[in-house]
Amino acid sequence: MKSPAMNQAMDILRQLRTLTEGEEPLAQKLDKIVALIAAGMHADAAACYIAVDDTYLELFASYGFKAEAVHKVSLRFGEGLVGEVAKNSRSLAAADAWKHPKFSYKPELGEENFKSFAAVPLIRGNRAIGVLAVQSLQKHEYTRAEMDFLETVAMVLTGLVSSEEMSEYKKTLIKERGISTKEKHKGISLSKGYGLGNAVIHRRRQAVSKIFAEDKEKELQKLEKAHSQMNADLDEKFTSTKIGIGEHVDILDAYRMFAKDKGWYKKIADNIQSGLTAEAAVERAYEDMWNRLSGTNDTYLKERLHDLRDVADRLQSYLSGDIASVKGVDSDDIVVVAQTMGPADLMDYDYTKIRGLIIEDGTPTMHVAIVAKALNIPVVAKIRGIFDEIKTGELLGVDGTEGYVYINPTLAVKDKFKAKIAAQEELKRKLEELKDLPSKTKDGVRINLSINVGLSFDLDYIKSTNCDGIGLYRTEIPFMTSDVMPDVERQLSYYKELMDRAGDRKVIFRSLDVGSDKLLPYWSFGGEENPAIGWRSIRITLDRRAILRKQMRAFLRASADKELNVMFPMITNLAEFEEAKETLMLEVEKEKRRGGAVPRKVNVGLMIEVPAVVFQLDNILPHADFISVGTNDLAQFTFACDRGNPKLTERYDVLSSPFLTMMKEIVSKADQYGVYCSVCGEMGGNPIEAMALIGLGYRNLSMSGSSFGRVKSMVRSMSVEEVSDYVNTLLHSSKRTLRPQLIAYAYDHGIEIY
């Protein structure tokens with residue numbers, strides 16, 4: 001088998017481009033394309049497999065195999081050589097496929113006589129959406145040049161596979177097979193709220209239209225111009241205050257620095273020198289990085305690949321001149337639909353028109369979700385195939401509270417959305433009215449309501465809510481958004497701003513809580529089988545004591561002459577708490593000896609997140625000034641349930657007898673020992689759950705600023721004595737969840753839980 005010469009390769013790629021842009025039906029296009037690829041690779045057979053969803057592939061076109069195998073052969077991701085390529089998103093070649101340990105024989109394909117095998121993934125975003133494979137009757141060792149050619153072909157073919165034409169073709173197949181499509185799709189909520197608007201498909205990635213350069217110098221100049229313009233625009237966007245994001249530039253710094261990375265730019269320039277166009281050079285630079293790093297167990301490196309994908313897509317848009325296309329959206333109400341998005345991408349749209357955001361590959365920690373949340377845009381993620389299913393202009397309903405997306409909702413559903421959106425607006429107005437009213441129940445019980453703070457824009461909620469304090473300051477956010485470890489002075493600037501903005505309000509600092517899903521770019525955490533219960537949080541900072549000492553020093557200096565409240569997360573036993581507490585108190589003594597100003601009072605507490613610590617409260621509480629219940633992790637560990645897994649979101653409920661009984665035990669023990677007790681997890685920010693907590697005895701709740709008004713409204717409409725009596729009667733129930741009973745009680749008694 002011979003690899004195609006340069007001129008022959010260019011001719012094949014030109015023919016391929018002509019085929020992909022032709023008017024023929026897609027099935028015929030694919031048949032001709034695989035035949036062309038087989039000829040170009042001097043192969044006896046070729047096949048194109050398309051990902052039907054995230055779990056399996058289907059044969060969509062073939063040459064040299066049994067014709068009836070098309071749409072009959074399917075493979076799971078990881079099954080056989082083709083499945084292995086899809087699973088790992090990396091190319092694979094074998095001189096004798098039958099001897100490869102991953103080989104899986106498919107008799108319906110008719111591959112008995114074939115020996116050599118080579119396949120490359122069709123990659124969009126950071127995942128395979130298909131696999132292109134060739135086979136030969138003779139054994140053959142594939143050269144790097146042959147694999148480069150096949151990978152280049154895959155770059156062109158990816159545009160067709162990810163097109164709207166392919167999406168329609170898939171829908172036709174589904175319909176022919178008698179499979180109905182859904183109008184309502186379940187995902188996970190990344191930002192709460194309701195939105196109704198017309199779909200805008202965020203197709204940032206452009207298919208590479210030309211592979212080989214005719215003029216290298218011209219391509220280098222084109223790259224330099226696009227790169228400079230992209231970075232200039234990013235600088236302007238990230239420092240702009242017109243959409244209210246100027247205060248959280250920290251979260252976007254990593255993205256901006258990645259875009260300016262000289263090493264990445266040099267790789268692209270080197271690819272141009274080798275004969276590629278600027279567009280192809282960018283794509284090849286990304287694919288090379290993906291092939292090298294995607295197999296790593298280092299979670300941080302994998303996350304950086306997502307950053308690189310976002311930056312590469314943005315640079316492609318500048319090279320193609322497509323960067324301004326989103327500005328022409330003609331609708332006052334839009335829902336942006338993306339497979340994935342970078343934080344800068346959201347700023348390409350007029351945020352005042354965005355009513356919702358749907359991200360197929362979204363995660364709670366991705367920067368664009370955090371920015372959207374700050375702008376009160378509901379976000380739903382993790383719905384397989386949603387990106388390909390939705391068409392531009394379709395009406396979408398985004399339920400960011402329950403995590404549902406409605407495609408072309410019925411009139412009745414639209415009316416419900418409009419009512420909920422109106423209620424949101426009414427709530428905003430009500431919040432303004434509530435701001436100066438006391439947080440007291442109908443029977444006169446004072447409930448202290450605080451806010452959780454992580455990013456600097458959260459500080460605006462201090463004034464807008466008139467909250468009682470900061471119940472949780474997530475100190476890890478500045479660490480996560482910095483490319484170097486923040487020194488004492490930099491940390492001090494963050495903490496001092498918080499203390500100044502808080503005034504006389506109570507502020508509770510949480511020490512550095514990283515690990516699990518919160519990784520730092522300058523630390524190598526290594527791979528862990530179960531990072532959520534691995535080396536994280538206080539376990540890291542006690543092992544790396546210098547980091548903890550520096551943070552304690554910054555806390556002390558920021559709180560000079562004020563009250564300092566420090567709590568340690570992920571405490572599992574008394575020994576850990578005492579060790580952490582001792583570290584803080586030693587720093588207090590050091591500050592005194594150096595003549596520095598120290599807080600007038602230092603209170604030390606811990607988070608209740610690990611079930612084991614609930615059984616040690618009698619031993620721990622005498623040594624603590626306060627405790628705060630982190631219900632997110634506590635529920636996760638209690639139910640052995642990954643809180644980010646959409647398959648488990650409705651299986652377990654914090655509003656169940658076992659969990660509420662545990663929560664009552666915690667607050668009862670705290671009251672017994674006279675220890676201040678609060679809740680800073682998500683339960684505190686959900687009105688129906690907050691109502692139950694107050695009924696159990698909690699008087700201090702902390703929540704996100706966006707949830708504050710709803711909870712305060714609930715507090716002022718309830719009677720503690722009545723709710724307490726009712727909640728306690730439910731604690732012996734054997735039902736999986738008590739949520740329906742509690743919701744019904746709230747409605748029957750006029751308690752505002754919307």
Side-chain angles (χ1 to χ4, degrees), residues 17 123-126 152 155-156 158-159 162-163 200-240 242-243 245 249 252-290 304-329 336 338-351 367-368 371:
R17 175 59 56 190
I123 299 175
R124 188 182 65 189
N126 282 333
T152 302
M155 286 167 51
V156 178
T158 297
S162 60
S163 68
V200 174
I201 309 301
H202 181 73
R203 297 191 182 277
R204 171 64 63 212
R205 189 177 185 194
Q206 302 295 311
V208 177
S209 58
K210 188 177 180 182
I211 305 298
F212 298 109
E214 297 175 0
D215 185 333
K216 294 179 184 178
E217 286 303 317
K218 188 176 180 180
E219 294 297 321
L220 286 169
Q221 291 172 11
K222 182 179 176 182
L223 173 66
E224 173 60 28
K225 180 180 178 181
H227 188 251
S228 298
Q229 185 60 50
M230 178 184 75
N231 282 298
D233 286 352
L234 286 175
D235 286 342
E236 181 182 351
K237 288 177 187 295
F238 288 3
T239 55
S240 170
K242 65 179 180 179
I243 61 172
I245 63 165
V249 171
L252 302 167
D253 272 349
Y255 185 98
R256 180 162 46 178
M257 292 179 72
F258 213 98
K260 293 182 178 180
D261 184 75
K262 293 180 180 178
W264 179 64
Y265 182 84
K266 184 178 185 300
K267 287 184 176 68
I268 300 172
D270 289 344
N271 287 337
I272 293 175
Q273 292 288 5
S274 72
L276 297 181
T277 62
E279 291 92 339
V282 172
E283 198 64 20
R284 178 50 59 85
Y286 169 77
E287 289 179 355
D288 287 345
M289 187 75 76
W290 172 262
R304 295 297 278 181
L305 282 173
H306 288 288
D307 289 342
L308 179 60
R309 178 73 271 169
D310 291 335
V311 176
D313 288 349
R314 177 164 283 269
L315 182 55
Q316 291 282 30
S317 295
Y318 278 87
L319 287 168
S320 67
D322 190 55
I323 191 64
S325 63
V326 298
K327 300 182 191 302
V329 176
V336 180
Q339 186 176 54
T340 186
M341 284 184 86
D345 294 337
L346 194 64
M347 292 181 283
D348 290 333
Y349 301 87
D350 181 350
Y351 92 99
H367 285 172
V368 70
V371 173

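Worth saying up front: this structure is predicted, and the values here are computed from it rather than measured.
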Which of Leu223, Asn231, Asp233 passes side chain to side chain contact (heavy atoms under 4.5 Å, CB included) with Tyr318? Answer is Asp233
For Glu224, the side-chain hydrogen bond (donor to acceptor under 3.5 Å, both in side chains) test, sequence neighbours excluded, returns Ser228, Tyr265
With sequence neighbours left out, the residues meeting side-chain hydrogen bond (donor to acceptor under 3.5 Å, both in side chains) with Glu219 are none
Over all atoms of both residues, closest heavy-atom pair of [X] and [Y]:
| X | Y | answer |
| --- | --- | --- |
| Ala281 | Ile272 | CB-CG1, 3.6 Å |
| Met155 | Arg284 | SD-NH2, 4.3 Å |
| Lys267 | Ala285 | CB-CB, 4.4 Å |
| His202 | Ala338 | CB-CB, 3.8 Å |

Notebook entry, point to check: Is there side-chain contact between Ile268 and Leu315, with heavy atoms separated by less than 4.5 Å?
Noted result: yes
Any side-chain heavy-atom pair from Met341 and Val336 closer than 4.5 angstrom?
yes
Taken to the nearest 0.5 Å, the spacing of Lys216 NZ from Ser274 OG works out to 7.5 Å
Rounded to the nearest 0.5 Å, the OG1 atom of Thr277 sits from the CG atom of Asp215 at a distance of 12.5 Å
Are Glu214 and Lys218 close enough for a salt bridge, meaning some N to O gap below 4.0 Å? no
Checklist line | Check against side chain to side chain contact (heavy atoms under 4.5 Å, CB included), Leu220 and Glu217 | finding: CA-CA 5 Å; Leu220 286 169; Glu217 286 303 317; 4.0 Å; yes
Counting only N and O atoms by type, is there a donor-acceptor contact under 3.5 Å from the side chain of Glu279 to the main-chain atoms of Gln316?
no
*Walk me through it: do Glu283 and Leu276 pass the test side chain to side chain contact (heavy atoms under 4.5 Å, CB included)?*
CA-CA 10 Å; Glu283 198 64 20; Leu276 297 181; over 6 Å; no
